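A quick write-up on the structure given underneath.
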Amino acid sequence: MPELRIEAVVNGRKVARNAQPYQRLLDFLRDDMHLTGTKDGCGAGECGACSVFVDGVLMKSCLIPVGKAQGSKIETVEGLARKGDLSILQKAFHKTGASQCGYCIPGMVMAATAALRVNPFADREEIKERLGGNICRCTGYQKIFDAVELARDVQNGRLPVTALAETEVADGKYIGANVRRLDAPGKVSGALKYAGDMTMPHMLHLQVLRSPHPHALIESIDTSEAEAMEGVEGVITAADVPGEDGFGVFVHDQPVMARGKVRYVGEAVAAVAAEDVVTARRALAKIKVVYKPLPALFDPFEAMKPGAPVIHDYAPDNITKHIPIRKGDIEKGFAQSDLVVEQDYETQAIEHAYLEPEAGLGYVDADGVVTIVSPSQNITHHRHMLAKIIKKPIAKVRFIMSPVGGGFGGKEDMIYQGMLALMAMKTGRPVRLVFTREESIATTAKRHPSRTTLRMGLTRDGRIQALSLKMICDGGAYGLSTEGVMRKAAILGAGPYAIPNVQVDTYGIYTNNTPSGAFRSFGALQTQFATESHLDICAERLGLDPFEIRRINAMRDGAETHTKQKLKSVSYLRVLEAAERASHWEKGAPVSRGGARRDFARDGEGVRAPCTLGARFSEDGKLEAAE
Ligand code: FES
Ligand code: FES
């Protein structure tokens with residue numbers, strides 16, 4: 001298709017550029033105009049990170065073919081700050097601390113600008129409504145709404161301009177004080193460069209061929225047609241790895257690209273570097289891989305059965321890690337109990353959904369140092385693993401951590417940096433890889449799905465005598481952080497309770513699902529969900545208040561955990577009391593089966609409003625029904 005000649009006014013400047021007809025306005029702004037404040041969060045019109053004004057109307061540039069921008073006036077976040085002076089809204093975002101990772105913030109600033117242009121007196125509800133097309137994964141939105149209200153009041157003269165002034169800590173006492181966010185100006189202006197915004201001269205674009213099979217042998221890979229394509233500079237497979245081909249946080253069981261076998265749908269099999277992304281994608285279609293499908297496992301309980309297919313030869317039982325902990329005599333504890341309750345609890349896989357998809361740059365510098373720039377949350381460990389993979393001394397490997405546009409544990413794994421290094425070494429040119437949102441969701445680690453069987457024995461007065469907990473987690477196809485997650489789940493699974501007899505077993509199991517990995521709370525969530533829900537059930541059976549049963553069993557100073565750790569300063573009771581006060585808990589309030597309980601949120605007037613999750617309440621706040 002012939003190129004388009006696009007003439008438009010961008011941020012007040014006339015521009016004329018050739019563009020490809022398949023480009024989106026987003027690509028034109030980012031790749032051709034280098035206006036990378038406009039972000040590509042989802043590419044599907046869902047997140048709002050790509051928001052711009054087209055002829056004064058707020059639009060999502062990922063949904064607009066570049067041809068539609070012909071003759072338009074386009075305004076991006078870079079156009080809001082005049083001569084380097086941030087707009088009132090940008091200053092307000094800075095002042096209220098409305099940015100965390102910052103990836104959504106340029107789009108938020110654009111949507112907020114639109115809101116106040118449409119109605120300079122918009123109230124908080126209208127502001128929320130008008131920002132409804134923009135997603136933030138980090139902030140919880142309140143500070144963003146605060147920022148828009150602050151900007152509105154300054155614009156309307158209700159507040160002086162000094163209300164936007166950044167907080168200064170006068171006496172050097174930073175703890176407990178509001179401090180200036182040094183990184184905010186770059187985030188609210190769109191100037192901060194994330195890995196996917198960075199470019200280098202002569203940079204190539206990497207794309208990855210991924211497995212369509214959950215479990216299959218690779219009989220052959222033919223890359224010759226792809227390599228012969230014009231614009232293709234390199235193709236790599238497992239055969240290009242010169243060193244020890246394995247990475248992972250605890251066990252190095254994952255090759256940079258599948259080696260002889262694929263273990264989940266979406267696993268990297270080969271990668272292409274080309275002059276542009278489109279050519280690289282076309283070349284992927286030319287790579288011929290012959291697979292021999294194997295029986296696949298999608299359920300950890302099936303994977304644990306004798307005779308189940310084996311996913312990794314080194315683990316014939318498909319167990320990635322088993323953490324057993326024993327304290328006291330569990331059977332004696334149950335025998336001494338007046339009430340024994342057993343129940344199963346399940347938690348599901350959860351996607352991190354950071355707004356910034358995975359991205360990175362790899363290059364070999366003038367001194368032969370292989371350098372990776374990426375939002376990795378664990379760069380020192382990555383550096384050591386990569387040195388072994390590419391068989392170079394550690395001094396010849398460098399990792400630079402780019403700004404992380406949300407991680408939540410999901411960027412701890414080195415799932416693509418090895419390909420960038422190998423390709424930079426093979427081609428001698430800088431290489432960039434930016435995941436699509438689909439690629440990010442389909443191929444990266446999730447929170448471990450779990451099933452926990454919990455048995456608790458208590459005496460009539462609510463004292464826990466015995467706790468037995470067995471958790472089976474789906475670790476997916478590779479180990480990643482599974483071992484650490486199992487450890488933390490086991491260590492924290494008994495909760496902050498003094499229990500004389502404890503038996504805990506946590507298992508991470510290999511399956512052919514997408515690998516599971518680190519996620520906020522790192523295993524504690526799964527077991528504590530079970531333990532805390534179980535305590536509510538036991539409290540109900542014993543006719544005790546749920547706060548009271550926790551107080552009865554709470555660890556106090558000097559307590560010893562089931563991992564033999566002596567605790568010197570235990571704040572649990574203070575936390576519990578604060579939670580009780582903050583939740584306006586009424587003693588004796590009903591608890592439903594399965595742990596659904598009455599929750600309260602404060603509205604603006606400080607009036608209690610029942611949360612509707614899993615329960616129905618009458619107008620005066622009484623529980624009517626619980627699921
Ligand atoms: Fe356009 Fe998400 S809405 S990138
Ligand atoms: Fe909004 Fe991180 S600050 S996504």
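These numbers come from a predicted model, not from an experiment. Hydrogens, waters and symmetry mates play no part in the numbers below; they use all other heavy atoms, side chains included. Numbering of ligands and ligand atoms starts at 1, following listing order.
Taking a cutoff of 4.0 Å between a charged side-chain nitrogen and a carboxylate oxygen, Arg437 and Asp40 do not qualify as a salt bridge. Here Arg281 does not pair with Glu439 in a salt bridge; the nearest charged N to carboxylate O distance is not below 4.0 Å. Salt-bridge annotation for Glu149 and Arg158: absent, with no side-chain N of the basic residue lying under 4.0 Å from a carboxylate O of the acidic one. We find that Lys143 and Asp146 are not joined by a salt bridge, their nearest charged nitrogen and carboxylate oxygen being 4.0 Å or further apart. Looking at Asp123 and Arg152, no side-chain N of the basic residue comes within less than 4.0 Å of a carboxylate O on the acidic one, giving no salt bridge.
Near Gly102, meaning under 4.0 Å from any of its heavy atoms, are these atoms of ligand 2: 2 (Fe), 3 (S). For ligand 2, the atoms lying closer than 4.0 Å to a non-hydrogen atom of Cys104 are 1 (Fe), 3 (S), 4 (S). Every atom of ligand 2 is numbered from 1 in the order shown, and the set under 4.0 Å from a heavy atom of Arg137 is 1 (Fe), 4 (S).
Ring orientation note: the planes of Phe519 and His352 are close to parallel, at an angle under 30° on the 30°/60° scale.
At least one N, O or S atom of Cys138, from either the backbone or the side chain, sits less than 2.8 Å from atom 2 (Fe) of ligand 2. Residue side and main chain included, Cys101 places no N/O/S atom under 2.8 Å of atom 1 (Fe) of ligand 2.
Heavy-atom separations between Gly406 and ligand 2 are all 4.0 Å or longer.
For the 3.5 Å distance criterion, the side chains of Thr427 and Glu233 fail to qualify, holding no donor opposite an acceptor. Between the side chains of Glu7 and Gln70, not a single donor N or O lies within less than 3.5 Å of an accepting N or O. Side chain to side chain, Thr36 and Lys193 meet the donor-acceptor criterion of an N or O pair below 3.5 Å.
Shown are the protein N/O/S atoms under 2.8 Å from atom 1 (Fe) of ligand 1, given by residue and atom: Cys50 SG, Cys62 SG.
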